[in-house]
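Just so it is clear, the model here is predicted, and its values are computed rather than measured. Below, chain A is the first sequence line, B the second, and so on; all start at residue 1.
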Amino acid sequence: MKVNELTQYPEFTCVNESALSDKEIECGYVGDLLSWVMGNADAGCAWVTIQTHVNIVAVAVLVEMSCIIIPELAELEEETVVKATEEGIPIFQTPKNAFEICAWLGAQGIK
Amino acid sequence: MGYNMTFDVESGDFATAGQASRKIKKKLQDLGISSKIIRRIAIAGYEGEMNLAIHSDGGQILLDAEPGVITLRLEDTGPGIGNVDLAMTEGWSTASDSVREMGFGAGMGLPNMRNNADGFEITSRPGVGTKIKMTFDL
């Protein structure tokens, strides 16, 4: 699945559409400890995290993630959205919880 | 080749921490370094930046790119680490609750740096400062 295809699903809202691209979502990763995520997440992943501050953008850029998905409609800081747009990292919000997001991504064939 | 860069990191500046690592990453990409090595350097550099922002009174990151080896140095002006062995232990941290809530302070920064670098040296003196030297073989 490509990142911009996620917008076809009403339960996923992209907060910075100008950052969208046809980059492939290669895999998924879930975690909120930034050091752990940086050390273990793979490039191209969709990252599910409840962290919403601006540092998640730095982690996503350094790991070369395809996008960030924020569960349970957790409120994003404005600074995070601005930075993510600058850096070309799409961020999605969804009412689904982290487990439901992972299960859904898995059902779409993302391993 | 032979290239060096220096970045200042201010104490408590979490918002812009990550800038230096991104600039280093970009430079190394321009130099044609392999992406696997760049990733390790970027991770170690970011951990270093966050450590400087969270724990130090301010410091610098120094990048040195030479044929065969990339060196990353972190130098701060205090407060220093009382027990370096303890600080190198995974899971040990002195970070505040507010820093932990941001997903930092898990006690993995220094171990992550050591694990990503080919060479890792740390010296610290309480009241003076901490110096870390990481090398990455090309």
Are A:E87 and B:R22 within salt-bridge range, i.e. N to O under 4.0 Å? yes

Is it true that, when you exclude A:E75 itself, more than 12 heavy atoms of the residues, nucleotides or ligands shown sit nearer than 6.0 Å to its CD? no

Compare every heavy atom of B:R39 with every heavy atom of A:A41, then report the nearest pair and how far apart it is. O-NH2, 2.6 Å

Show which residues join A:V54 in its hydrophobic cluster (side-chain heavy-atom contacts under 4.5 Å, direct or indirect), or state none. none

Verify the cluster assignment for B:V9 and B:L74: are they in a single hydrophobic cluster under the rule of side-chain heavy atoms below 4.5 Å apart? yes

Hydrophobic clusters here meaning ILVMFWY residues chained together by side-chain heavy-atom distances under 4.5 Å, can you tell me if B:L52 and B:F7 are in one? yes

Between B:M50 and A:N55, the two heavy atoms sitting closest are SD-ND2, 3.7 Å

Would the number of heavy atoms belonging to other residues, nucleotides or ligands and lying under 6.0 Å from CD of B:E10 be above 12? no

Tabulate, in ascending numerical order, the residues of residues 115-132 of chain B having at least one heavy atom closer than 4.5 Å to a heavy atom of chain A, or enter 'none'. none

For the side chain of B:K25 and the backbone of A:V61, is there at least one donor-acceptor N/O pair under 3.5 Å apart? yes

Please determine whether residues B:V69 and B:L62 belong to a single hydrophobic cluster, defined as Ile, Leu, Val, Met, Phe, Trp and Tyr linked transitively by side-chain heavy-atom distances below 4.5 Å. no

Shortest non-hydrogen contact from A:A58 to B:G18? CB-CA, 4.3 Å

Does anything in residues 86-112 of chain B get under 4.5 Å of chain A by heavy atoms, and if so which residues? B:E101, B:M102, B:G103, B:F104, B:A106, B:M108, B:G109, B:N112

According to ring pair (Phe, Tyr, Trp, His ring centres under 6.0 Å), does anything in residues 87-111 of chain A pair up with another residue at least two apart or in another chain? List the pairs. A:Y9-A:W104, A:F12-A:W104

Chain B heavy atoms under 4.5 Å from A:V63: which part of the residue, side chain, backbone, both or neither? both

Are A:L105 and A:Y29 connected into the same hydrophobic cluster when the rule is that any two of I, L, V, M, F, W, Y join if their side-chain heavy atoms are below 4.5 Å apart? no

Is there a path of hydrophobic side-chain contacts, each under 4.5 Å between heavy atoms, that joins A:I70 and A:M1? no

Could you measure the distance from the CG atom of A:L62 to the CD1 atom of B:I38? Nearest 0.5 Å is fine. 11.5 Å

